[in-house]
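Structure, as structure tokens:
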Amino acid sequence: MLLVLVAGVLVPTACVLWFMNAAMGNERLAVRQKLTDAYRKQLMEISAVVDKHWAQKLEALKTVSGLQAAEAFSQLIRSGVADSAIIFDEFGKVSYPVSEQRAELSQQAGTPQWLEADKLEYELAQPQRAADAYAKIASEFSNATIQAQALQGRARCLLKASQKQRAIEILTGPLAEDKYRNAMDAHGRLIAPNSQLLALQLMKDSNQEEFLSLAADLARRLNDYSDVAMPSAQRRFLMQSLQQTMPDPVQFPTLDAETLAAEYLESQRPTPQPNLLTKVGRADLWHIGSQDKRIVMLFRTLHIDIGKGHYDDSLVRAIGICPADDSTAFVSIPVSKYIPGVELAVYLVEDPFAEAAGRQNAAYLWTGSLGILAIAVLALIVAGYVGRQMKLTRLKNDLIATVSHELKTPLASMRVLVDTLLEGRYQDQQQARDYFGLISKENERLSRLIDNFLTFSRMERNKKAFDLAELDTGEVVTAAVDSVSDRFDKADCQLDVNIATDLPKISGDRDALITVLLNLLDNAYKYSQDDKRIGVRAYSAEANVCLEVKDNGIGLSRRAIKKIFNRFYQVDQSLARKAGGCGLGLSIVKFIVDAHGGSIDVVSQPERGSTFTVKLPFVDTKTTADSPRGS
Ligand code: ADP
């Protein structure tokens with residue numbers, strides 16, 4: 001029964017909890033999905049902007065495709081399209097920046113005049129004479145390159161001979177002439193700009209007008225990328241040197257790009273992919289190739305402008321760039337089709353679902369607990385009801401069985417006796433009287449039974465009303481004893497009655513208390529074998545009047561004592577039935593005694609006899625006078 005109840009409570013509760021849990025899980029998933037969709041949409045908008053940005057950069061490459069390499073480089077840098085760039089020719093060879101131009105072979109190198117000047121300068125260390133020798137070469141040869149190289153040698157030797165002023169005059173004078181503009185030295189470097197830088201470095205007064213115009217002229221030339229002759233390494237060197245020479249910084253917008261391109265070309269770089277921005281080595285340097293592979297753009301860092309105003313959401317901690325495998329991102333998408341391996345992600349402030357989940361769990365716990373409580377209470381009510389119904393059914397069955405059995409026996413024996421008498425089957429008047437006596441006894445037994453049933457029935461229906469009055473206990477005991485004296489007056493039965501004098505009055509229902517004593521006396525008689533010794537005592541003790549019925553009968557075990565006041569309980573059913581009991585006597589006794597505010601004790605030992613003591617409280621004259629008890 002208990003198992004069924006527990007299962008009846010637990011199974012539906014578990015089902016309800018499971019259902020609620022699943023429903024809440026689904027709801028959370030739905031909310032998460034909605035949020036994901038909303039943020040993904042936002043990210044896609046940003047990604048479209050990023051795509052557009054890089055598409056524009058790649059588009060800008062087309063505008064420089066017709067220009068010569070250095071100019072294309074310069075334009076890309078100046079327009080801010082890239083941090084730097086490498087320009088290739090149609091064969092895939094770098095055309096800008098290149099470290100050296102192909103040097104025009106020095107035609108004078110093997111001539112005796114040049115050998116002589118070279119020997120004087122380096123072997124004999126006679127700069128003055130070497131300067132003269134170079135001057136002679138410059139005047140003798142008509143080729144501009146040879147003349148420029150000789151003038152350069154002359155200025156160099158004059159410097160070695162400590163004739164600085166004369167050296168400056170050559171550097172700023174003949175060497176600055178337009179015809180030497182594109183003359184190169186043996187290493188492929190332009191002689192004129194190098195001479196200008198040297199002159200500037202030698203000039204003392206940097207505020208001098210000549211100095212300033214010379215510097216401006218050199219700076220102009222260095223910024224002029226249409227001047228194809230100058231190798232990029234020389235340009236870079238001159239830009240850096242000029243910046244160091246000048247007291248005020250000179251602006252070279254392409255210098256940083258030149259440096260970056262040079263570093264890039266020196267490094268072990270992976271092949272740039274057309275239209276895909278990838279990282280170069282470990283540093284934060286990125287490159288991207290044009291579709292036709294003619295230009296590679298370089299970027300010092302990957303700057304992705306994701307715009308502003310994307311954070312005004314209390315849930316979002318940040319929207320940012322992350323590697324493709326960032327598991328802390330709430331939602332992420334590729335940042336742009338031009339940037340592989342980089343994602344655009346939304347990071348949430350904290351798990352927004354944690355608090356909601358906590359709230360939901362609490363609600364879920366409360367609902368679950370209330371559900372369990374409600375089901376448990378309901379189950380208890382049902383169990384109580386079912387229990388009561390079962391008890392009632394059992395009681396009814398017991399009652400029917402007992403009544404039919406108990407009525408049948410005396411009725412049957414009465415019928416036999418009456419039939420015998422009617423048919424005149426008796427020997428004499430004495431036997432007839434004996435038969436009448438037996439009929440009377442059975443009748444009396446029937447009456448007692450029916451009395452008990454009626455009392456029990458009233459008791460069960462709570463209809464038993466007691467007619468309370470001040471009673472003389474002695475008189476009640478005497479009346480009870482009198483009514484059994486005929487039955488007990490036998491050779492094998494001795495009845496001792498002892499009623500104390502001056503017993504205080506009690507408040508009670510006379511007939512009910514007589515029923516109590518009769519039932520006890522009846523039991524004492526029934527459950528004692530031959531040589532019955534039954535004692536009845538009435539005495540007062542501790543504000544109670546005690547009515548004691550004692551026998552020397554079969555006695556009761558401890559276990560039996562606990563049960564004998566239950567309805568229909570009989571220790572030995574066959575013995576009780578034989579003796580004419582129906583298992584109601586003691587329950588009626590207890591009911592009546594309880595209703596009188598008293599108690600009943602049993603002292604018994606198997607085979608030794610039993611003593612039943614009923615204790616009834618004295619009358620409190622004041623209270624009983626005002627409100628007699630009854631139920
Ligand atoms: P019954 O009508 O069967 O006697 P009771 O309610 O009067 O029913 O008693 C319940 C049972 O208690 C009896 O069946 C009997 O077994 C036991 N009992 C009652 N009185 C005594 C007694 N004086 N001695 C031994 N057993 C007793």
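Counting from 1, the numbers follow the sequence of the chain as shown. This structure is a prediction, so every number in the text was calculated from the model and none was measured. Indexing begins at 1, ligand by ligand and atom by atom, following the structure's order.
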*Check whether any N or O atom of N523, backbone or side chain, sits under 3.5 Å from an N or O atom of ligand 1, and answer yes or no.*
yes

*asked:* If I apply the N/O under 3.5 Å rule, does F612 come out as touching ligand 1?
replied: no

*Would you mind listing which atoms of ligand 1 come within a distance below 4.0 Å of any non-hydrogen atom of Y569?*
10 (C), 11 (C)

*Report yes if G583 has an N/O atom closer than 3.5 Å to an N/O atom of ligand 1; otherwise report no.*
yes

*Any idea which part of D522 is under 4.0 Å from ligand 1, heavy-atom wise: side chain, backbone, both or neither?*
neither

*Select one of side chain, backbone, both or neither to describe which atoms of D551 lie under 4.0 Å from any atom of ligand 1, heavy atoms only.*
side chain

*Side-chain ion pair, K550 and D496, N-O less than 4.0 Å*: no

*Give the numbers and elements of all ligand 1 atoms closer than 4.0 Å to a heavy atom of V571.*
14 (O), 16 (O)

*Closest by any non-hydrogen atom to atom 12 (O) of ligand 1: pick that one out of I561, N566, I564, I534.*
I564

*Is K615 salt-bridged to E542, cutoff N-O under 4.0 Å?*
no

*Can an N or O of L556 be found at a distance shorter than 3.5 Å from an N or O of ligand 1?*
no

*Heavy-atom contacts with Q570 under 4.0 Å: which atoms of ligand 1 show up? List them by number with element.*
3 (O), 14 (O)

